[in-house]
Asks: 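If you scroll down you'll find the structure; I have some questions about it.
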Amino acid sequence: AFCHARLEALVGAWRSTSARQLEADQPTAAALASAAAIACHCLFVGYCIPTGEGIQGDLSQPEASPGEDVGKAPEDMASWLLQAMYQAPSCDPPQSPAQAIWEVSELIRRSRQEPIEEASIAETLERLPGSAATPCEAFYDATMYPPWHSVECAGVLPAPLHEHLRRLCPSWCGEEVTSPRILVAGCGSGHQVAVELRSYEVCELVALDVSPKTVAVACRKLKQHLAPEEYARIRFLVGDIMDLTPGNPLVGNGFHLVICCGVLHHLPDPCAGLRRLSALLAPNGVLQLATYSSLSFQSWQPTVQAWLRDLPTAKGLAPNSRTPTQAEVREIRKEALKAYEERPEACQLLRHFPEFYTYAGVLDLLFHPLERTFTLVELLEGPITSARLRPLGVFFLDVNSDISARAKFRAVHGNAEAKMADLRCWHQLEVQDPEIFGRMHGVLLEGSAPSNSATFWTLRWLQKPRASHFPSGAMFISAQRWSSVRIKPRIKGGVIPFHQRIRQEETERRYRQLPFLSISKEPSKWPSPPDPRDTDRRLCKLDLAQLMNIMVGDRVRVLYGSEKGKYGVISRILRDKNQVIVNGVSLKRGFWHPEPGPGKPNLVTVECPIHVTNVTLVDPVTKQPTRVKRRYTMNGEGVRISKVSGCAMPEPVPVGPNERELLWKKHEEQVLRQAKERRGPPKEDIFGNKEHFKTLVRLVRERRQAEEAKARALEE
C-alpha cells in the first residue's frame, strides 16, 4: 500500500479521473486498463480509501461514486469496473472483448476466481481435533492479515538453522541438525512462512493458524509464489495452539524452532499458551517469540483511543464489541485525514503506522477483539518463568533497527555478550527509548534443563569451587549422555592463563581496525578491512574510494588544497593511486590543442588527479559535506545513507567521456610521434643484433680458415 497521506490522495484523484472516463459513451482500452488497475489496488487495501479526496488531501472536492442500485447487475464492462473501484464485485463481469486486457483479466482473477479457489481449499485443510470457535477466528475470517504481494527476501541467502542461531545467540549450545523442523504458530496469510522457508536451508515447516480462511489464502498465495519443491515442504494445519499436544503424531520428537510472532498477546491465557509451545520444543530447541510492547503502546494508544471515543462515526465500535465494516473504516479514516488541524497529535500518530493505510491493518491496529501488552520484565517474570524457558537474546524485525539498537545497548551496558541475553537490561534501555523495539519486542528462548535430573546435580557439583577435586573425563561423558545440554569444563582456577592473555592482547593489537577506516565504515563491522601491517610488515593496498562509498558520478566537494570549497562530479577513479578526477576542478595542466582550427582554443587545460581523502560527498538535503553509511533494504539492495540528514544519497549521474582528457591523450600521442620523427629511423647496432654478430663471427672464422689453408699450401 502507499503508506503516505499524499500518495493516497493521488490514488483517490486517479480513481476520480478513471470514473469520469468510464462514464463517457465509449471508454478507450487505456481507460479500462487504468480503471482495472486502480480497482486491483482498492481491492488489496480493502476499499479503505475515502471518497472525495483530492490531490493534496482536500476532501471538499466531490468524487464520482458508483450507482445507487448496488445489487443490479452491470450492463457493460465499464459499469462493472466502476463498481469494482468502490466495492468488491458481487457478480461476474459481462462478456466483453475487454477481458483480453491484462489489467482487466487480473482484476477478474483476484476478485472472482481467487475467492472460489480459497473456499475449495478451506474444505480440504487438515484440522486439529477439538478445535472450538474463538473470537480471533471470527476476526481473521473477516479479513486477510497481513496483506502482501510478494516475498521481500530476494537478497537473503539461506543458511543452516544452527549457524543462524549461533550468530544471534552466542550462548546457545545446540548441535547441527541436517533437516530441522519448524513450527510457525499463527502463520496468517503466509508471508512469514515464505520468509522463514527461504531463510533456512532444507527444512520441514508446519504452518498453524486458527482461521481456515486465512490458511486457505496462505495456501493459494504460497503455491503461486514458491517453487513446487519449496511448497512441498510446507504442511498447513487449522486449529488452536492449545489443541496441538506433544502426543500428536505431527509433533514427533519436537520442533527445532517454534516461531510465535504476534500471537501470544491474542491468547486468552498467554502463560498456558507459552507452556504449550515450550512442550513442543525438541532438545536444544529455540522458541522465537514476539509480543506487543506496553511502553510503545503507551506512547500512542491512549491518545488515539481518546480521539476515537470523541468521534461520532466510531460510536459503538469499542475494540472488543464488533468488527467494523469497510464503510465505517472509510469514515474513520476520512475524519482522521480531515481532523488533522483539530487534533494534530492523534492524527499524526495514526498516519505514522503503515497499518493505517489498509482495511486489515486498521482492524488489527485499533479494533482487535483480544489484545494485551507486556513489558520485558512482565514477560520474563510471567509467561517465560511459567514455561521454564531461558532467554537467549533479543531479535529485531528490521536489519537497520537491529544495528542501531545493539549499538545503543553497547553504549549503555558495555560490550559484554552475556548482558545481551538479560531482558532487564533491555527493559532499562526501552524505558529510555520506548520506540527502540517498535510495536513488538522479539525474544529468543530455550528450554531449561529439568531440575530433578542427574544432569542438574552434576552441573551443581561442577560449579562448586574445589581445590583438590576436579571431575574426571568419565563423569563428563556420563553427564553428556544423560543430558540434552552441552557441558563445557570451566577453566581451572577461574582465570585465563597469563600466556593466553598476552597472546589475545597481541592479536587484538595487531589486527585492530584503523581509526579513519572505522569512521567511514561504521555500519559494516564484517568483513573488516585488512590491516596494512601483517606478519611480514608489508603494506597492503587499500581501495579508499570503496571504503568511503564514493562512486563515479557522485557530486563531491573539495575539502583541502587550493581548490578548497569547489563542487564537481567525479569522472574517473584511479584506484591504484587512490585518486579521483573531478570535472572542472584542479585545472592545472595546460597544453597546445592537438587539432587547432577556427572556433577551437589554442591552449587547453585538463584536470589533475586529487587524492580521494581530499573530497567528500554532498548531502542531497542540506547541501553540506557528509559521510555516508550503508544500509540494506528488505530485498537485500544496498543504499547509501547520509549521516547529516539521514536521507538516501542519490544515484550517481551517468558520466560520459571527458573531452579534455581525450584531447590530452591525443596531445601525448602527438608529442611521442613528433619526438620519433625528430630522432629519425633507428640506427642499426651491429653488436646489439645477435644474428648479425653471429654472421660477422662466421665470416671472420671462414677468412681465417682460408688464410691458414693458403699458408699450408705454400709450405708444401
Side-chain angles (χ1 to χ4, degrees), residues 1-3 5 8 11-12 15 39 41-53 57 59 63 65-66 70-71 83-90 111 115 133-148 188-189 209-211 213-214 217 262 265-266 292 297 300-340 342-343 346-373 439:
F2 297 105
C3 300
E8 188 180 275
V11 176
R15 183 170 62 177
H41 177 74
C42 293
L43 177 67
F44 176 75
V45 299
Y47 296 96
C48 68
I49 302 177
T51 58
E53 189 166 354
L59 302 179
E63 187 180 59
S65 58
V70 178
Q83 290 187 5
M85 287 194 299
Y86 294 89
Q87 60 188 2
S90 58
S111 61
T134 60
C136 291
E137 179 181 355
F139 176 79
Y140 287 113
D141 280 343
T143 180
M144 184 194 72
Y145 185 82
W148 59 285
S189 58
D209 200 276
V210 72
S211 172
K213 290 187 178 180
T214 305
V217 172
H265 44 253
H266 294 323
Y292 283 154
F297 270 59
W300 66 271
Q301 196 176 42
T303 306
V304 173
Q305 292 295 342
W307 174 77
L308 281 176
R309 285 193 298 268
D310 299 339
L311 197 63
T313 56
K315 294 295 182 181
L317 292 178
N320 298 328
S321 59
R322 63 180 179 86
T323 303
T325 62
Q326 294 179 352
E328 291 172 337
V329 171
R330 278 198 300 269
E331 293 299 325
I332 293 173
R333 297 189 71 256
K334 187 174 182 179
E335 293 296 330
L337 295 171
K338 186 191 299 184
Y340 179 65
E342 301 175 5
R343 177 164 261 176
C347 298
Q348 184 66 20
L349 289 173
L350 280 177
R351 291 185 180 194
H352 172 71
F353 294 106
E355 291 85 357
F356 176 69
Y357 297 92
T358 60
Y359 171 69
V362 171
L363 296 186
D364 187 77
L365 185 68
L366 302 176
F367 301 103
H368 201 282
L370 189 60
E371 186 174 87
R372 67 185 69 204
T373 59
R439 289 180 61 196

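This chain uses plain numbering: 1 for the first residue, then up along the sequence.
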Asks: Counting only N and O atoms by type, is there a donor-acceptor contact under 3.5 Å from the side chain of Ser111 to the main-chain atoms of Pro89?
Replies: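 Side chain of Ser111 to backbone of Pro89: no pair is present.
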Asks: If the plane angle is over 60° it's perpendicular, under 30° parallel, otherwise tilted; pick one for Tyr292 and His265.
Replies: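 Plane angle under 30°, so parallel.
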Asks: Tell me whether Arg15 is salt-bridged to Glu8, with the criterion being a basic N under 4.0 Å from an acidic carboxylate O.
Replies: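 The answer is no: the pair does not qualify as a salt bridge.
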Asks: In sequence, state the C-alpha distance, the side-chain angles, and the governing distance for Tyr47 and Tyr86, and then conclude on ring pair (Phe, Tyr, Trp, His ring centres under 6.0 Å).
Replies: CA-CA 6 Å; Tyr47 296 96; Tyr86 294 89; 8.5 Å; no
Asks: What distance separates Leu365 CG from Phe356 CZ, expressed to the nearest 0.5 Å?
Replies: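 Separation between the atoms: 9.5 Å.
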Asks: Say you draw a straight line from CD of Gln326 to CG of Leu363; how long is it, rounded to the nearest 0.5 Å?
Replies: 9.0 Å
Asks: Measure from the side-chain N and O atoms of Tyr357 to the backbone N and O of Arg351, and report whether any donor-acceptor pair falls under 3.5 Å.
Replies: yes
Asks: Let me confirm one number: the CD1-SG distance from Ile332 to Cys48, rounded to the nearest 0.5 Å.
Replies: 11.5 Å
Asks: Identify the heavy atoms of Tyr359 and Pro324 that sit nearest to each other, and give their distance.
Replies: OH-O, 2.7 Å
Asks: Any luck finding a side-chain donor-acceptor pair between His368 and Tyr145 under 3.5 Å?
Replies: no
Asks: For the atom pair CH2 (Trp307) and CG (Leu350), what is the distance rounded to the nearest 0.5 Å?
Replies: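 Nearest 0.5 Å value for the CH2-CG distance: 6.0 Å.
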Asks: Do Phe297 and Arg372 touch side chain to side chain, with heavy atoms closer than 4.5 Å?
Replies: no
Asks: Please examine the side chains of Ile49 and Cys42, heavy atoms only from C-beta on, and report whether any two atoms are closer than 4.5 Å.
Replies: yes
Asks: Can you see which heavy atom on Asp364 is nearest to which on Phe139, and at what distance?
Replies: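 Where Asp364 meets Phe139 most closely, the heavy atoms are N-CZ, 4.0 Å.
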Asks: Hey, are Glu328 and Arg333 close enough for a salt bridge, meaning a charged N less than 4.0 Å from a carboxylate O?
Replies: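 Salt bridge: no.
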Asks: Would you give the length of the straight line joining atom CG of Leu349 to atom CD of Gln301, rounded to the nearest 0.5 angstrom?
Replies: 11.5 Å
Asks: Got a donor-acceptor contact below 3.5 angstrom from the Trp148 side chain to the Ser189 backbone?
Replies: yes
Asks: Out of curiosity, Lys334 NZ to Leu337 CG, how far, rounded to the nearest 0.5 Å?
Replies: 10.5 Å
Asks: I would like to know whether Glu335 and Arg330 meet salt bridge (Lys or Arg N to Asp or Glu O under 4.0 Å); could you show each step before the answer?
Replies: CA-CA 9 Å; Glu335 293 296 330; Arg330 278 198 300 269; over 6 Å; no
